[in-house]
Visitor: 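Here it is: the structure, laid out below.
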Amino acid sequence: MPDTAVAGTPGTTRTHGATLEVRDLTTSYGPVRALDAVSLTAEPGRITAVLGANGAGKTSLLRTVSGLVRSTSGTVLLDGEDITKSPVESMVTRGMAHVPEGRGVIAELTVEENLRVGALFRGKVGREEYDRVYDLFPRLVERRDNPAHTLSGGERQMLVIGRALLARPRILLLDEPSLGLAPRIVAQIFGLLRQLVDAEGLSVLLVEQNARSALSVADVGIVLNLGRIVATDDARTLMADEDLRHAYLGF
Amino acid sequence: MSDLQTQGQPPAGNPATAAAPASTSSRTSRIPLPESTLLRHLLAVLVCAVAAVVLLEITDPFRNSQLATLSYYAIAAGGLTVLTGLNGQISLGHGALMAVGAYTTGLFLSADEPLPLPLIFLAAVVVTSLVGALVGAAASRLHGPYLAGATLALAVGLPGLALKFKETLGGDQGLRVRAPRAPDWFGEAIKAVSGNPASATKWLAYVGAIALLITYFLLANLVRSRIGRTWRAVRDNDVAAELAGIRLGSWRVLAFVVSAACAGLGGAVLAIVVRLAAPSAFTLVLSLALLTAIVLGGLGSLLGALIGSALLVFLPQLTTDLGSAAGLDGTEAAQLAPFVYGVVLVVAMIFAPAGFVGTIRLRWLARRAKRAIARESGR
Amino acid sequence: MQQFIDTTLSGLAQGMVFAAFALALVLIWRSTRIVNFAQGSMAMATTFVALALVHAGWNYWLAFVVALVSGFVLGAVVERVIIRRVEGGPELNAVIVTLGLFVAIQAAVAIIAGSSFQSFPAPFGLRGFTIGGNTIALTPNRVFVIVAVLVTMGLLVALFRFTRVGLAMRAAAFGQEVARLLGVRVGRMLTLGWALAAVVGSLAGLLIAGGSFVYPAYMDSLIVFGFVAAVLGGLDSPIGAVVGGLVLGLALAYVSAYFGGSSVVNLAALVILVVVLLVRPGGLFASTQARRA
Amino acid sequence: MTDVSVAFGGVTALSEVSLVVEPGQVHGLIGPNGAGKTTLFNVACGIVRADSGSITWRDRQLRRLRPDQLARLGIARTLQGVGLFAGLTVLENVMIGAHRHARAGFASALFALPRSDKDERELRTRATAALADLGAEHYADRYPGSLPYPVQKRVALARALVSSPDLLLLDEPASGLAEDEMRELGELIRTLSGRMSVLLVEHHMDLVMSVCDRVTVLDSGRLIASGTTEEVQADPAVTAAYLGEDVDVAHDAAELHSGDHSERAHRA
């Protein structure tokens with residue numbers, strides 16, 4: 001196991017990740033149904049990848065899970081506790097970190113400030129935890145005092161993942177981390193994700209359009225189409241499946 | 001979902017199951033109205049004119065003068081309804097635009113041999129329209145708070161001109177306006193209609209009523225036409241409007257000009273009714289009162305503007321009386337009216353953003369839609 | 001020369017007040033995309049609180065502090081009870097609501113305190129310092145005005161830069177959704193933002209009232225000047241608001257001194273506003289670059 | 001459209017993209033999220049001005065024209081979502097679409113001259129016909145907000161069609177539709193192609209592949225493939241753009257940690 005990056009990092013007192021269970025979740029935006037009775041489970045120590053073309057409902061799924069959008073019906077359970085109606089602000093204290101689509105950096109704040117916002121709810125956070133993020137992403141060190149809007153796409157992605165880690169999540173929701181990034185950078189970020197999951201046992205629910213990259217790192221793959229789950233399988237099996245290609249490309 | 005099924009099939013041509021009865025056809029089935037917009041609107045004007053004569057003749061001189069006041073508020077509010085309600089541009093500068101009309105009228109009337117009144121009114125309208133075109137051109141690139149702030153600056157800044165040009169505009173004291181006398185035929189006509197004596201107040205009330213009727217006739221024509229529809233389209237979704245071939249800037253400026261023209265006429269009527277054009281008459285409070293009138297009446301409805309204006313005229317009276325009864329002294333009681341305006345603006349925007357007329361209309365529409373859906377699913 | 005120096009000094013002092021007022025507008029705009037047209041009325045109301053206390057025999061400074069605290073409370077209540085309902089809705093609705101508050105608060109104060117002119121005490125002398133036998137337009141009170149605004153700005157910078165609450169407020173203002181996902185109580189931060197802005201606005205009201213007359217409409221032109229100053233600097237930029245306030249203060253002082261007196265000051269502000277909006281709609285310090293990225 | 005490039009504050013959204021829409025054809029424009037499809041659309045209808053390159057329609061240079069001018073030249077567009085005027089009835093919405101055919105001016109409207117009435121009647125007839133074409137004439141007097149989403153989409157389409165455009169730009173017409181509605185839409189688009197040229201942005205591949213004559217594929221602001229539907233389906237670059245490439249995750253992660261600057265090089 002490649003553990004060069006993560007081994008020996010301080011502050012890994014976390015015991016285990018959290019189990020996220022979604023049951024019959026349905027979400028509508030006005031008259032448009034974005035999610036139709038979706039059920040899935042994300043388990044500790046595993047990366048669960050949700051795949052599908054544009055408009056399949058992937059982002060709606062994450063937004064409903066974290067409470068940004070209210071579901072029409074269905075339940076979301078975190079370690080067995082019903083969090084369907086919990087306010088968004090409380091999710092992070094329950095151990096859920098949601099990294100939204102489009103690299104949700106706060107553009108006006110500096111890199112360091114963005115990181116600090118990530119740990120705000122925890123009260124005082126030791127310097128070593130910030131250093132740990134900078135160790136993971138050495139590229140951020142030199143940009144520390146630059147406003148986040150000056151960062152490149154890859155750097156932003158590193159920043160938001162680092163920021164999410166500062167919240168010490170037990171489950172990480174990632175929305176299209178590959179969007180607009182060069183394949184190399186995507187591979188790097190996914191690789192790092194794998195290491196984190198293996199080393200610390202957290203759960204990851206990864207939403208991706210870039211199916212091959214996502215499946216190469218994930219344990220389980222779920223394919224959404226028009227708001228419905230059309231396939232759930234082991235990542236490796238899914239990779240070889242024609243259904244996947246069809247869901248995406250229609251041929 | 002039943003809608004989809006009705007949709008998928010070719011129209012059955014069965015009027016009983018048609019989604020919504022065409023409002024025009026249901027209207028004509030009850031009261032036969034002429035097809036032509038012109039005739040229809042002229043008919044309405046005629047009815048209103050008769051009503052106005054009756055109203056003015058059965059009420060005392062004090063009420064007459066109140067109705068004259070109502071007419072200039074309603075004229076200006078009608079213009080503001082076009083701008084804010086139909087076109088979505090807010091203006092806090094309409095008080096200042098009324099001032100332009102009032103001062104123009106005052107200046108023309110101060111000539112040794114003044115022009116006939118209609119010509120003077122026309123001049124006031126033209127001058128104010130020009131100012132409105134200028135303001136509108138600047139405003140067409142602004143939105144929401146920026147536009148509000150800019151027109152606010154206009155409302156506060158423009159009266160400064162009157163102070164600056166003391167000799168012609170009379171400074172703080174304002175410009176005395178020589179209200180024109182009633183022509184002889186007017187007295188005879190009134191005597192023939194009701195037997196009442198024809199006072200100067202009555203004459204001014206009639207002038208106001210005529211100006212109001214003409215304004216609302218023309219505005220109603222615009223609202224009903226392609227022009228009004230285009231304004232509403234620009235208000236609702238400017239990108240989609242532009243994609244449909246509408247040049248946003250020109251249409252916004254046009255709305256401002258029409259609106260300013262009304263403000264100018266309102267100011268002109270105000271000048272002869274009050275017999276004074278002074279900066280203190282055109283403060284920000286006037287602009288805000290106009291805004292209250294149209295919000296209260298329902299943004300975008302001429303009838304709403306008229307009702308709102310009526311409240312502007314009669315509400316201060318009512319609240320002042322109430323205030324005095326509650327033991328407030330005169331100046332304190334006079335402040336109750338603006339207090340109510342303010343509270344009304346806040347409450348209306350929070351609880352009934354569609355205003356008085358708008359809320360009723362929305363209720364009706366919702367009921368109609370519900371009925372239509374019920375009918376479809378019953379099929 | 002003497003006149004020029006005097007004009008500049010009084011322009012600077014005026015500009016400082018405009019800057020404070022503009023800053024308050026910008027604070028609210030940044031977090032809620034609303035221009036608070038009621039800010040002048042709110043500040044006026046708190047000034048009347050101070051005046052009532054002074055009349056009741058309180059010490060000026062105590063009254064001053066109570067006025068600022070009442071500003072804080074008023075701002076918080078207004079946001080929580082009223083503004084919350086129109087936040088994020090059509091911008092026209094929010095504009096109309098703040099205008100309604102503007103009128104209502106002003107009228108309420110007039111009903112309670114009367115609409116006559118009342119003199120408001122100044123904490124420091126109103127006689128200019130004497131330098132080399134000439135009395136210049138810099139009075140101890142003006143020094144106080146300038147210092148008070150500078151101290152307030154310093155405190156705000158410290159709050160936003162160095163405290164956790166300040167960071168949370170900025171996060172809430174710039175990235176509502178992200179901030180919520182990170183556990184920031186955005187609603188609470190917005191309320192706090194309005195409350196702080198109301199304090200700064202109240203400060204401007206108290207400063208401009210010092211040694212002068214107050215009446216319910218005395219802040220009417222200040223809301224216009226504050227808005228012009230804020231737009232001058234670009235509604236998004238606190239530094240822009242300060243610079244815009246100073247520029248406007250100086251410009252108006254010169255206009256008043258050299259072109260036709262105080263009657264055209266309002267008109268001059270209008271002209272400046274229109275020119276800026278037409279030439280640089282985003283203001284002189286527009287940070288559109290950051291917004292777009 | 002030749003060599004069109006657009007950049008937003010240093011970020012290149014489109015890089016030297018060229019495409020030709022033939023008269024009477026349906027041309028599909030596809031690509032993954034963030035590929036630049038919407039930007040290209042915005043350039044074509046004038047909302048965004050291209051930094052370089054040229055856009056020609058019937059020998060006219062269009063690059064510097066505003067959307068309303070383009071609309072008057074016969075280029076109509078639907079918006080993502082629906083973009084209807086909420087305060088106008090369905091019929092009025094469609095009548096706005098016919099704006100470029102209106103003749104009566106301000107004066108005739110102000111005085112309600114018969115000319116204005118006649119004009120209104122003509123617009124209404126046109127609009128009613130357009131609604132009837134799409135089977136939505138029942139809804140003429142309703143307000144868009146009270147209608148089901150698929151019906152709103154039809155109305156939006158009717159609004160674009162009523163101007164009898166020569167070029168129709170359809171922005172994700174199938175989003176939010178169920179499968180059977182999508183099939184109807186496909187048939188409709190096919191019938192349109194005889195009357196006008198259609199440029200279609202869509203991510204429902206079934207629809208694109210069944211209605212388009214030619215397809216252009218964008219990825220990261222670049223054109224990666226263009227041709228008939230069969231040609232595009234067979235193109236490995238297209239599959240790679242959509243599904244991503246196989247990558248050796250474990251290997252690359254180590255590189256990230258060593259702080260290489262490959263991304264900078266890539267972006268340059």
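In what follows, every chain begins at residue 1, and chains take the letters A, B, ... in the order their sequences are listed. All values below were derived from every heavy atom in this structure, side-chain atoms included, with hydrogens, water molecules and symmetry-related copies excluded. Just so you know, these numbers come straight off a predicted model, no measurement behind them.
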Visitor: Between C:F37 and chain B, with a heavy-atom cut-off of 4.5 Å, which part of the residue counts as in contact: side chain, backbone, both or neither?
Guide: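 Just the side chain, heavy atoms under 4.5 Å.
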Visitor: Using a 6.0 Å cut-off, check whether atom CZ of B:F314 has over 12 heavy atoms from anything other than its own residue.
Guide: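 Yes, CZ of B:F314 has more than 12 neighbouring heavy atoms, counting only those of other groups under 6.0 Å.
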Visitor: Assign the ring pair C:F117 / C:F213 to parallel, tilted or perpendicular, where the plane angle (0 to 90°) is split at 30° and 60°.
Guide: tilted
Visitor: Could you have a look at B:V343, B:L345, B:V340 and say which one has the most heavy-atom pairs with chain C under 4.5 angstrom?
Guide: B:L345
Visitor: Chain C heavy atoms under 4.5 Å from B:L152: which part of the residue, side chain, backbone, both or neither?
Guide: both
Visitor: Salt-bridge test for C:E91 and C:R33: reply yes if a basic N is under 4.0 Å from a carboxylate O, no otherwise.
Guide: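 Answer for the salt bridge query: no.
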Visitor: Angle class for the C:F18/C:F225 ring planes (parallel below 30°, perpendicular above 60°, tilted otherwise)?
Guide: tilted
Visitor: Nearest 0.5 angstrom please: C:I83 CD1 to C:W194 CH2, how far?
Guide: 3.5 Å
Visitor: In terms of heavy-atom pairs under 4.5 Å, which option from B:L288, B:T84, B:L284, B:L161 contacts chain C the most?
Guide: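 The residue among B:L288, B:T84, B:L284, B:L161 with the greatest pair count is B:L288.
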Visitor: Which atoms of C:L273 come close to chain B, meaning under 4.5 Å heavy atom to heavy atom: side chain ones, backbone ones, both, or neither?
Guide: side chain
Visitor: Going through the checks in order, is the side-chain hydrogen bond (donor to acceptor under 3.5 Å, both in side chains) test met by C:S237 and C:R30?
Guide: CA-CA 8 Å; C:S237 157; C:R30 282 213 306 184; over 6 Å; no
Visitor: Please flag which part of B:L154 lies under 4.5 Å from any non-hydrogen atom of chain C: side chain, backbone, both or neither.
Guide: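 For B:L154, heavy atoms of backbone and side chain both lie under 4.5 Å from chain C.
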Visitor: For C:A269, is it the side chain, the backbone, both, or neither that has a heavy atom closer than 4.5 Å to a heavy atom of chain B?
Guide: neither
Visitor: Select one option (side chain, backbone, both, neither) describing which atoms of B:L147 are under 4.5 Å from chain C's heavy atoms.
Guide: neither
